[in-house]
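Working notes for the structure below.
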Amino acid sequence: MIECGVVADVETVRCLIQAFCDDNDVSKGYGLLRQVLGDGIVPGNAAFNKLISGFCKEKEYTKVSELLHTMITMNCIPDNFTYQEVINWLCKKGKVSEGFRIFNDLKERGYAPDIVMYTTMIHGLCTMGLGGARKLWFEMFGKGFRPNQYTYNTMIHGFCKSGDFEQARILYKEMCDKGYKETTVSYNTMMTGLCLHGRTDEAYKLFKEMPQKDIVRDVITYNTLIRAISTILHSTYCSSLSSGKSRRSQKFVE
DNA sequence: GTAGGGTTAG
């Protein structure tokens, strides 16, 4: 392109940066950004968002905040997609309160969080107890958004983790009634919660149900159960040892 | 015309 005398523009740069990021070579994309910024070319939000997303995945948080600053200096106003990445990154990092602060800040500044941002935030808040998450769930309804597959699974996971299986099942049923199909994820979510609260037998029932409903079991399905069952075996083995029935328990473990 | 985000284990 350059040899032919065609001048690269912002769109060329955007395409290249996106390609580098899609190819898991975020650093190369970043290098290109630095180079073109030096030449006075400012690629749009798309390029910045792609790089921010890439660096979030690589946990290169210094780069993320640097890019955010560069964006603002270059007059590329971060949009919903930019903030979605940032909030998600903060929540995954355990800085849920900070993410929530930005989320609330955005609303005050006229941004309208959409269903994805609500899902991300509800997911984050679930790690801090269900109060805030439920509040946001209802706020979301008030804004006219309806939960989808992701939102339902997120909230169901929240209830499961807290051990409120009654609420989890109500929501699960509601999800199905709304036409969202049961999936590997929805099953894994329930199973994980049950196992976490020692209800491995119920999780195993679900496990057996899966093929009957043509739902694929994946590595998470198996790992969840294997972990739960091996924990039971281990504690049974230990208690048998202490009560002097080592031979019998050894057989049990086998 | 223009890319793109969110769910399940450890």
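Proteins come first, then strands; the chains are lettered A, B, ... in the order of their sequence lines, and each starts at number 1. Given the structure is predicted, the values throughout are model-derived calculations rather than measurements.
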Side chain A:S230, main chain A:I226, donor-acceptor under 3.5 Å = yes
task = Look at all strands and tell whether A:I122 reaches a base, only sugar-phosphate, or nothing, counting heavy atoms closer than 4.0 Å.
result = nothing
inquiry  = What I want to check is whether an N or O donor and acceptor connect the side chain of A:N80 with the base of B:dG5 at under 3.5 Å.
reply    = no
query = Rounding to a whole Å, what distance do you find between A:Y187:OH and B:dA9:C1'?
reply = 19 Å
Lys/Arg N to Asp/Glu carboxylate O, A:E139 vs A:K107, below 4.0 Å = yes
ask   = Residues from residues 49-70 of chain A sitting under 4.0 Å of DNA chain B, heavy atoms only?
value = A:N49, A:K50
ask   = Of the nucleotides B:dA3, B:dG6, B:dT8, which one has an atom closest to the side chain of A:T192?
value = B:dT8
query = Does the ring center of A:Y83 lie less than 6.0 Å from the ring center of A:Y111?
reply = yes
message = Counting the benzene-type ring for Trp, do A:Y222 and A:F207 have ring centres under 6.0 Å apart?
response = yes
Contacting residues from residues 135-154 of chain A, given that a heavy atom lies under 4.0 angstrom of DNA chain B = A:N148, A:Q149, A:Y150, A:T151, A:N153, A:T154
Selected nucleotide, minimal atom distance to A:E85 side chain, candidates B:dG5, B:dT8, B:dG6 = B:dG5
remark   = Checking B:dT2, B:dA9, B:dG6 against the side chain of A:V116 (C-beta onward), the nearest is B:dG6
request  = State yes or no: are the ring centers of A:H123 and A:Y150 separated by less than 6.0 Å?
outcome  = no
task = Please state how far atom CE in A:M121 lies from atom P in B:dG6, giving the value in whole angstrom units.
result = 15 Å
request  = Mind checking A:E11 for me? I need base, sugar-phosphate or nothing, with any heavy atom below 4.0 Å counting as a touch.
outcome  = base
key: Interatomic distance, A:F20 CZ vs B:dA3 P [rounded to whole Å]   = 17 Å
ask   = Looking at B:dG6, B:dT8, B:dA9, which one has an atom nearest to any side-chain atom of A:N188?
value = B:dT8
request  = Calculate the interatomic distance between A:M191 atom CE and B:dT7 atom C1'; express it in whole Å.
outcome  = 16 Å
inquiry  = Without decimals, in angstroms, what is the distance between A:I87 CD1 and B:dG6 C1'?
reply    = 11 Å
ask   = Distance check: side-chain N/O of A:R14 vs OP1/OP2 of B:dT2, anything under 4.0 Å?
value = no
ask   = Got a salt bridge between A:K205 and A:E209, using NZ or NE/NH1/NH2 to carboxylate O under 4.0 Å?
value = no
message = What is the distance, to the nearest angstrom, from the CG atom on A:N223 to the P atom on B:dT8?
response = 15 Å
request  = Please evaluate the base of B:dG4 for a donor-acceptor partner in the side chain of A:D79 within a cut-off of under 3.5 Å?
outcome  = yes
key: Side-chain N or O of A:Q84 closer than 4.0 Å to phosphate OP1/OP2 of B:dG4   = no
inquiry  = Does A:T119 contact B:dG6 through a side-chain donor or acceptor facing the base, at a distance under 3.5 Å?
reply    = yes
message = The side chain of A:R227 is closest to which nucleotide in this list: B:dG10, B:dA3, B:dA9?
response = B:dG10
ask   = Between A:K92 and B:dG5, is there a side-chain N or O to OP1/OP2 distance below 4.0 Å?
value = no
key: Pi-cation contact, A:Y30 with A:K63 (under 6.0 Å, within 45°)   = yes
Residue A:N88, side-chain heavy atoms: nucleotide from B:dA9, B:dG4, B:dT7 that is nearest = B:dT7
ask   = CG of A:L196 versus P of B:dG10: gap in Å, rounded?
value = 7 Å
ask   = Is the distance between the ring centroids of A:F103 and A:Y118 less than 6.0 Å?
value = yes
query = Using 4.0 Å as the upper bound for N to carboxylate O, is an ion pair formed by A:K50 and A:D22?
reply = yes
inquiry  = We want to know whether A:S186 and A:N153 form a side-chain donor-acceptor pair, criterion being a heavy-atom distance below 3.5 angstrom.
reply    = no
inquiry  = Going by side chain to side chain donor-acceptor pair (under 3.5 Å), name the residues that satisfy it together with A:N24, two or more places apart in sequence or in a different chain.
reply    = none
Nucleotide B:dT8, atom P - distance to NZ of A:K161 in whole Å = 9 Å
